[in-house]
Protein chains: 2
Amino acid sequence: MSFENEPICALATTNGVGAIAVIRASGKDAINLVNPFFSKDLTTQKSHTIHFGVLSDSNGKAIDEVLISIFEQGKSFTGEESVEISCHGSNFIQQEILNVLTSSGFRLAEPGEFTKRAFMNGKLDLSQAEAVADLIASQSKQAHEIALKQLRGTFSSQLKELREKLIHFASLIELELDFSEEDVEFADRTQLKKLVADVLKMVNRLAESFKLGNALKNGVPVAIVGAPNTGKSTLLNQLLGENRAIVSNIAGTTRDVIEETLNIDGILFRLIDTAGIREGAEEIEAMGIERSFEKIEQASIVLCLADASNQSSIDEVKNWQAELEQKYTDKKILLVANKIDLDWRINEEHSISAKNGIGIDSLKQKLVDLVVGSFDIQNETIVSNARHYEALIKSAEALEKVSIDLENGTTGDFIALDIRAAMRSLGNITGEIEIDRDILGTIFERFCIGK
Amino acid sequence: MSFENEPICALATTNGVGAIAVIRASGKDAINLVNPFFSKDLTTQKSHTIHFGVLSDSNGKAIDEVLISIFEQGKSFTGEESVEISCHGSNFIQQEILNVLTSSGFRLAEPGEFTKRAFMNGKLDLSQAEAVADLIASQSKQAHEIALKQLRGTFSSQLKELREKLIHFASLIELELDFSEEDVEFADRTQLKKLVADVLKMVNRLAESFKLGNALKNGVPVAIVGAPNTGKSTLLNQLLGENRAIVSNIAGTTRDVIEETLNIDGILFRLIDTAGIREGAEEIEAMGIERSFEKIEQASIVLCLADASNQSSIDEVKNWQAELEQKYTDKKILLVANKIDLDWRINEEHSISAKNGIGIDSLKQKLVDLVVGSFDIQNETIVSNARHYEALIKSAEALEKVSIDLENGTTGDFIALDIRAAMRSLGNITGEIEIDRDILGTIFERFCIGK
């Protein structure tokens, strides 16, 4: 895997004015290239040291008092010689420093280029590199945990284990092929079947977890629908109440983004088009549902609110629930009987009083259970990347074939082909096998600049 | 000057999601306090070193892979033991790390508190500390340069020089007082007069520079007014044309802020309410000017556009210019004769063709000259802080009194009082004399959090 370590630079912190900003530079001779502009000789310094001084432009005019951190080749995030410049956070200074760098041998980095280099230089495997972008984008505890585990290599080592099992299998089969003239059977077919079944089970479990992983990563869309006066707004407020604080200590960070977002046990639920549901209730009134279908389309969980003090409301919503369950087999449709403060005789599975906060906790627990299913988020690997999911599915398909081949007593050479296909798919995830340049491009272009 | 170095922490980079974010922690035992949450022992490490590892919460659950930089007491920005945590830039991670810190002995820092501590611990004088905020906020080359010079102590050392001269003066006067019984005159009055005159001249020059400094710091408001069809929009476009690029390499940074802002020779000109001038031209038509006065009120330079191909337009605008000059003695009112492409016979001072770009460069030069006046921005100290300006004015007033006292042969004890007042005012700028807590509060509260 050859790779030119052309020097690159970028602003690594968020755009905008802050107390400080960090500019990152990496590549061949990075320290030497920065050195002439700094008031102190960096070339004689040790890796992982920090130096205070003045950074000047090519005319020797001071730009800022900065802290420069240096990293030797092989010891940095990218694996290349690297420099981090921590400057005062004005746009002007950031730009001036980038100007100095780009006019002295660095070029502006593409999105994800630092992480791409970390991958190219073997500092991270591909799934770990992808986890970097997920980690940065993570908005909830669970999404964050999945990404961090992936970055720290839990998924990678699991894949490695699976691949090792398959390599062992393949070597047995291929040994047979070498002696095929002699019609011997080195590999115990029963053991082989068990091995493939085991690996297949694990691969399938990982693939299954993607639905959960994707939900945790992107948030779980929930629609609350119901006739007017069933208490949708009250339920919304009860749900939103105390659960939005997770990022609220940093003023203004997420107001635009997670407005109407609910964090339960570290899982992000996105309440779809709730304003519309609140205001445009008349549309739903007839339960003709035509237009509210649009909202339901986007949701993976639908809460159908009924008025518990009104039997015809309950019946109506039950019909509606049945209708929706038929139409959308992949969505969870819940009947929620509200207003049990008015009539406590109703005994539906989810009976609540949105007004008095009764039953809200168990409704939240239900939402969490629906998302998490049988998975153990803390201890199981949850796949959250669509590319990994596809690779797992392909691998599972190949393993299914192997399974059938073994059942049918197919000859070793066919089995070997399929087992190699399964291994290739798994290898694609971590990038152990040569990855197409275009695919690499697609993976890294979704990163932010400076990472 | 006593000061408790209670441990504080804050996000030091801009709010929002970036490749990386930096959290800064400072105060007594900062390294010890962070140490239990890090995967490596920081307490045995040298100052100014960087450490890669995992930062966990109080339950031992990993939050992120981070780089931690440590700074010994006396060697950091604040002068206190300090830690900088460079983490992946998700809001979630930033918040989690702040949670860990705030639940283990740190409190969230107030705006400017790090810089305030740098001042309290003698790492910066007060005018240097104030320069930090200006440096971060600087949007143009010139504003940046003034702030950087101030941070680097140019202004401080100049003030020190002035104060030393005054101390010398005071000591001579006070020596006289000690021997007042004997009616001796140690100090040569002629020399004293010259000394005070010199200092006063320098103080006045610094005070005068504030108008320029303030303009450079906040931008110079310019109104372009004129009857319809005199070419206001064309002039605007010509002026804006290629001059907005200074921060444009960082996508999206300043669009909202410097829309309709013009950077000439590193000086920021703010074009006032140009949309209004462009669209609402009919208001100006009668030159009754009532409503355009509002725009003119805000401007420090007014460009009055006349149609050079129409003598009555020129005459009208000349009358108008005279009227404005009378009304606003502190504003610069320029007549600009446009459309000399249609009629080249006009010979006004500022004749241009906005359409063909003729005379634009010299108009720009004129704008710069109007702002800079007789000051040498490169080599002279320009005061840009209102607090400093007030202190200089007070100092000048006291020095004027000294001058008069000397002229009148007033006794030394009165002179000494005034000379002390002048010194106190100058000392206020750098904080050499004890500064009121409230004043300190006001100075630092305009900082951003994390600085």
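These values consider heavy atoms only, across backbone and side chains, with no hydrogens, waters or symmetry-generated copies.
In this structure, A:Lys451 is positioned above the aromatic face of A:Phe77, its NZ or CZ under 6.0 Å from the six-membered ring centre and within 45° of the axis.
Your options are B:Val22, B:Val54, B:Val132, and the one with the most heavy-atom pairs under 4.5 Å with chain A is B:Val54. Counting heavy-atom pairs under 4.5 Å between each of B:His144, B:Glu145, B:Glu84, B:Glu65 and chain A puts B:His144 at the top. Ranked by heavy-atom pairs under 4.5 Å with chain A, the first of B:Ile449, B:Thr115, B:Ile63, B:Thr102 is B:Ile63. Here B:Ala19 is the residue among B:Ala19, B:Gly18, B:Ala10 with the most heavy-atom pairs under 4.5 Å with chain A.
In this structure, chain A has a heavy atom under 4.5 Å from the side chain of B:Leu148, while its backbone stays farther away. For a residue to count as touching a neighbouring chain, one of its non-hydrogen atoms must lie under 4.5 Å from one of that chain's; by this rule A:Leu135 touches chain B with backbone and side chain alike. Heavy atoms of A:Arg152 lying under 4.5 Å from chain B belong to its backbone as well as its side chain. Proximity to chain B (any heavy atom under 4.5 Å) is shown, for A:Ile20, by both the backbone and the side chain. When heavy atoms are compared at a cutoff of 4.5 Å, A:Lys149 does not approach chain B at all. At a 4.5 Å heavy-atom cutoff, A:Gln45 makes no contact with chain B through either its backbone or its side chain.
Put simply, the side chain of B:Lys141 never gets that close to the backbone of A:Phe92: no donor and acceptor are under 3.5 Å apart. No donor-acceptor distance shorter than 3.5 angstrom exists from the side chain of A:Glu72 to the backbone of A:Glu81, with no hydrogens or angles considered. In this structure, A:Arg270 contributes its side chain and A:Asn218 its backbone to a donor-acceptor pair below 3.5 Å.
Aromatic ring centroids of A:Phe71 and A:His48 lie under 6.0 Å apart.
Just one residue in the list A:Arg117, A:Lys123, A:Gln73 forms a side chain to side chain donor-acceptor pair (under 3.5 Å) with A:Glu80, and that residue is A:Arg117. Residue B:Gln94 is tested with B:Leu11, B:Ile85, B:Asn99, B:Asp64 for a side-chain contact (heavy atoms from CB on, under 4.5 Å); the sole match is B:Leu11.
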